[in-house]
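The figures here come from the full heavy-atom set of this structure, side chains too, leaving out hydrogens, waters and symmetry mates. In what follows, every chain begins at residue 1, and chains take the letters A, B, ... in the order their sequences are listed. As the structure is a computational prediction, the values presented were derived from the model and not from experiment.
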Amino acid sequence: MHEITVMKDILRIILDTAKKNMVKRIIKVRIETGAFTDLDESWMNRYFKSLTAGTAAHGAELALEKLKPVISCRTCSYEYETENIDQIDLQCPVCGNRCSIIGDSSFRIVDMEVI
Amino acid sequence: MTRIIKIDKSIHEDNKICADRIRKQARENTCFLINIMGSPGCGKTSLIIELIKTMRNRSVLVIEGDVDSDVDARKIISEGFDSVQIQTGGACHLDAYMLEQSLMPDYFKKYDFILIENIGNLICTSGHDIGADLNIVLLSVPEGDDKPMKYPAIFKDSDAVIITKHDYIQLSDFSIEMFRNNLLSLKENAELFITSSKQKTGFEEICSFIITTLKA
Ligand SMILES: Nc1nc2c(ncn2[C@@H]2O[C@H](COP(=O)(O)OP(=O)(O)OP(=O)(O)O)[C@@H](O)[C@H]2O)c(=O)[nH]1
Ligand SMILES: [Mg+2]
Ligand SMILES: [Zn+2]
């Protein structure tokens, strides 16, 4: 449900950019999402495919990069990346103090490859 | 030959412009918008009713966001308060455009506060700026104390978190300490409140938080 509104936003932005830059065809769109962005990749791809039909982005590849959450110690500044914060131990492996979790729900179109 | 066109644009950018426009207009008329979020049934409508009662002499409008009904708006009106309904027609969250369309020109002059009940959802509502001055997320005791780790975005992006239905605490294994620690690891300066709409507790604290934070 939510993925479709996001994909519509993306499509609007890339087609606008394509028009302004006299693009014939969009080949690849690079997207970077924050660690807490809750979107399902397979649904995004599916919606992207159907929404781009008949446009300059038809058949384009969607390259999604999801940033990982970073666990950061407030006391000694030790930091490491993690996959999943669900079961994470928040005790710092170096100094034993409590860590914080860094990430956001950003959603950024980085660039696109075109002809 | 292919070429790369740099875009570097957040998809929320256009919505943010609309949200900033709403915020600016509201502020010019010293009206404040508060976005209330939380899962279906977590107690949003009940909390809004108790909150308005606690706000006493302030004039408040409630905007009810729902997918396809006006049950909550009618409930607010039956309590003697003003309410209008936005039906999203299937959309899982409100955005600034939907809100802007529902705002009548005199609302900002007429009301001190506009409370917006967002669609019941912990995922989609986060990250969508609707022009509110305060974003508040509710989590009821029966939902469990692990939710900040499962839905980090909404807890991180909120200005305050309210544990609702505190009267259920004896029946549940919900640990307020655990919840608070999880929340603080996502957001160092998180504001946490605890209410029960049934027992009518915790509302004075929220009221003074709102009034001091917004200098309203
Ligand atoms: N025991 C108890 N029940 C509550 C409390 N707050 C709300 N409820 C009950 O929980 C149910 C849902 O409350 P609502 O206020 O309608 O919840 P909501 O979040 O607005 O629900 P939706 O708009 O449908 O997402 C109702 O039966 C309320 O009476 C509370 O503090 N304690
Ligand atoms: Mg409700
Ligand atoms: Zn450390």
(request) Give, as side chain, backbone, both or neither, the part of A:R12 having an atom under 4.5 angstrom from any heavy atom of chain B. (result) side chain

(request) Can you tell which part of B:K156 gets under 4.5 Å to a heavy atom of chain A, answering side chain, backbone, both or neither? (result) side chain

(message) Regarding B:E50 and B:S197, do their side chains bring together a donor and an acceptor under 3.5 Å, going by distance alone?
(response) no

(message) Quick check on B:N15 against chain A: is it the side chain, the backbone, both or neither that has a heavy atom closer than 4.5 Å?
(response) neither

(message) If the condition is side chain to side chain donor-acceptor pair (under 3.5 Å), which residues does B:T212 pass it with, not counting sequence neighbours?
(response) none

(request) Go through B:D20 and B:K24 one step at a time and tell me if the salt bridge (charged side-chain N to carboxylate O under 4.0 Å, His left out) criterion holds. (result) CA-CA 6 Å; B:D20 285 339; B:K24 182 163 173 280; over 6 Å; no

(request) Could you tell me whether B:R23 and B:D129 make a salt bridge, using a distance below 4.0 angstrom between a side-chain N and a carboxylate O? (result) yes

(message) Please rank B:M149, B:K6, B:K150, B:K187 by heavy-atom pairs under 4.5 Å with chain A and give me the top one.
(response) B:M149

(request) Pick one of side chain, backbone, both or neither for A:V23, based on which atoms fall under 4.5 Å of a heavy atom in chain B. (result) both

(message) Would you say NZ of A:K66 has more than 12 non-hydrogen atoms from neighbouring residues, nucleotides or ligands within 6.0 angstrom?
(response) yes

(message) Can you tell me which portion of B:N181 sits under 4.5 Å from chain A's heavy atoms? Options are side chain, backbone, both or neither.
(response) both

(message) Can you tell me which portion of B:E188 sits under 4.5 Å from chain A's heavy atoms? Options are side chain, backbone, both or neither.
(response) both

(request) Identify which of A:D38, A:I85, A:I26 forms the greatest number of heavy-atom pairs closer than 4.5 Å to chain B. (result) A:I85

(message) By the definition side chain to side chain contact (heavy atoms under 4.5 Å, CB included), identify the one residue from B:T45, B:V62, B:D70, B:I48 that meets it with B:K75.
(response) B:T45

(request) Name the region of A:R74, side chain, backbone, both or neither, that has any atom closer than 4.5 Å to a heavy atom of chain B. (result) side chain

(request) Let me know if A:L90 has heavy atoms under 4.5 Å from chain B in its side chain, its backbone, both or neither. (result) side chain

(request) Name the region of B:I11, side chain, backbone, both or neither, that has any atom closer than 4.5 Å to a heavy atom of chain A. (result) both

(request) State whether the number of non-hydrogen atoms from other residues, nucleotides or ligands found under 6.0 Å of A:E83 atom CD is greater than 12. (result) no

(request) Sorted by first residue and then second, give each side-chain hydrogen bond (donor to acceptor under 3.5 Å, both in side chains) pair with at least one member in residues 158-178 of chain B; sequence neighbours left out. (result) B:D167-B:S196

(request) Quick one: which of A:D86, A:D9, A:V114, A:I115 has the most heavy-atom pairs under 4.5 Å with chain B, could you say? (result) A:V114

